[in-house]
Amino acid sequence: MPYTVSTDPSGSFLTLTSPGSAPLRFHALWLRDNALDPETRAPGNGQRLITIGDIPRDTAISSARAEADHLSVSFAPENKTVSYPYDWLEKNTYDRATPPKAGWLADGVQTWDGSLAPPAFEWDGVRSDAAVKRRWLSAVARFGFAKLTGGPAAEGALLDTAAMFGFVRETNYGRYFEVRTEVNPTNLAFTGLGLQAHTDNPYRDPVPTLQILYCLENSAEGGDSIVVDGFRAAERLREENPDGFDLLAGYPARFEYKGSDGVCLRSRRPMIELAPDGQLAGIRFNNRSSAPFTDIPFARMEAYYAAYRRLGEIIDEPGMGVAFKLEPGESFIVDNTRVLHARTGYSGSGSRWLQGCYADKDGLLSTLAVLEAEA
Ligand code: FE2
């Protein structure tokens, strides 16, 4: 595709044009900082060798030429020339329209309700076939959860699941923990009570970004698992009540857990978390571990509670949740910054025994990115 380039007379930016595409502008300082030459980037590990202070304050584009497959840019006062492949420039463009309203979603994230068929993958396939593993991790990235079926009904198998993409996050609950009825439970999860949809451990900062729940026995009546897309719930709240959305995003809630000896975990974080540019970044929602909210102005507290109540109602709507009953050897991963999980109560004869552990999304996304690059 023929590219043309023009440099602003100031030398402070250039404009790259190609037929059928919007023009892309790049600043001299940005291009110099992101130069791909071996004096700027270490050839082996790709890490930057210069600091911001090494870039002359008066850096300007002295000339720019559109070659067949790359843009060649010369910088003053260093008198340095650097090449930028066109596909690299397009991939890294920042010259785009202002992002849409607060609560926008990252590329590749797709919200859902109860009509979604749970993405499910076979243990053996994930272990033996890189393409299946890539699809499995890609489903977690896109939908925030995925089931894994056909695994061993063996204690600790969830650690093998985590090892397929990353690393367990050990907490005060251990490397992993048992989710079954206990006589003196340190957490209501370890009872037969139903649990409202929630994200785990919002009292931790940083919060564990992934959870794996792995089934070893499930012959009790009830005990179904339900997952709810917190991003869809937040989107709905924003449509219905933008002020309520802004309140839950704009003020920190407080969360706390001190249910076992020697532990007192506290956090001060919003229920709906946005990146500084408004991207929807996370959800924290957990009735059991909410602490008194003390960071909302008196004048806004009732409106805050109305928004909190409405978010809970949306989350509890039957049409929002995807329900399934895990069989022994089945498990699921949730993105704990987005997808809430619940379970129906259980009792009677039979037993329910799950094991749970935490892991982190950066490791999962790293493994996914490597698999995608190899595909
Ligand atoms: Fe939980």
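Keep in mind the model is a prediction, meaning the values are calculated, not measured. Ligands are counted one by one from 1 in listed order, and the atoms in each one are counted from 1 as well.
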Donor-acceptor pairs under 3.5 Å, side chain of residues 157-165 to any protein atom, not counting sequence neighbours: which ones?
{"residue": "Thr161", "atom": "OG1", "partner": "Ala157", "partner atom": "O", "Å": "3.3"}

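Ring pair Phe167/Tyr358: centre-to-centre distance not below 6.0 Å. Taking the six-membered ring for Trp and the full ring otherwise, Phe293 and Tyr304 have centroids separated by under 6.0 Å.
Heavy-atom contacts from other residues, nucleotides or ligands closer than 6.0 Å to CD of Gln47 number 12 or fewer. Within a 6.0 Å radius of NZ in Lys325, other residues, nucleotides and ligands contribute more than 12 heavy atoms.
By the 4.5 Å heavy-atom criterion applied to side chains, Ile50 and Arg48 are counted as neighbours.
Shown are the protein N/O/S atoms under 2.8 Å from the Fe ion (ligand 1), given by residue and atom: His198 NE2, Asp200 OD1, His341 NE2.
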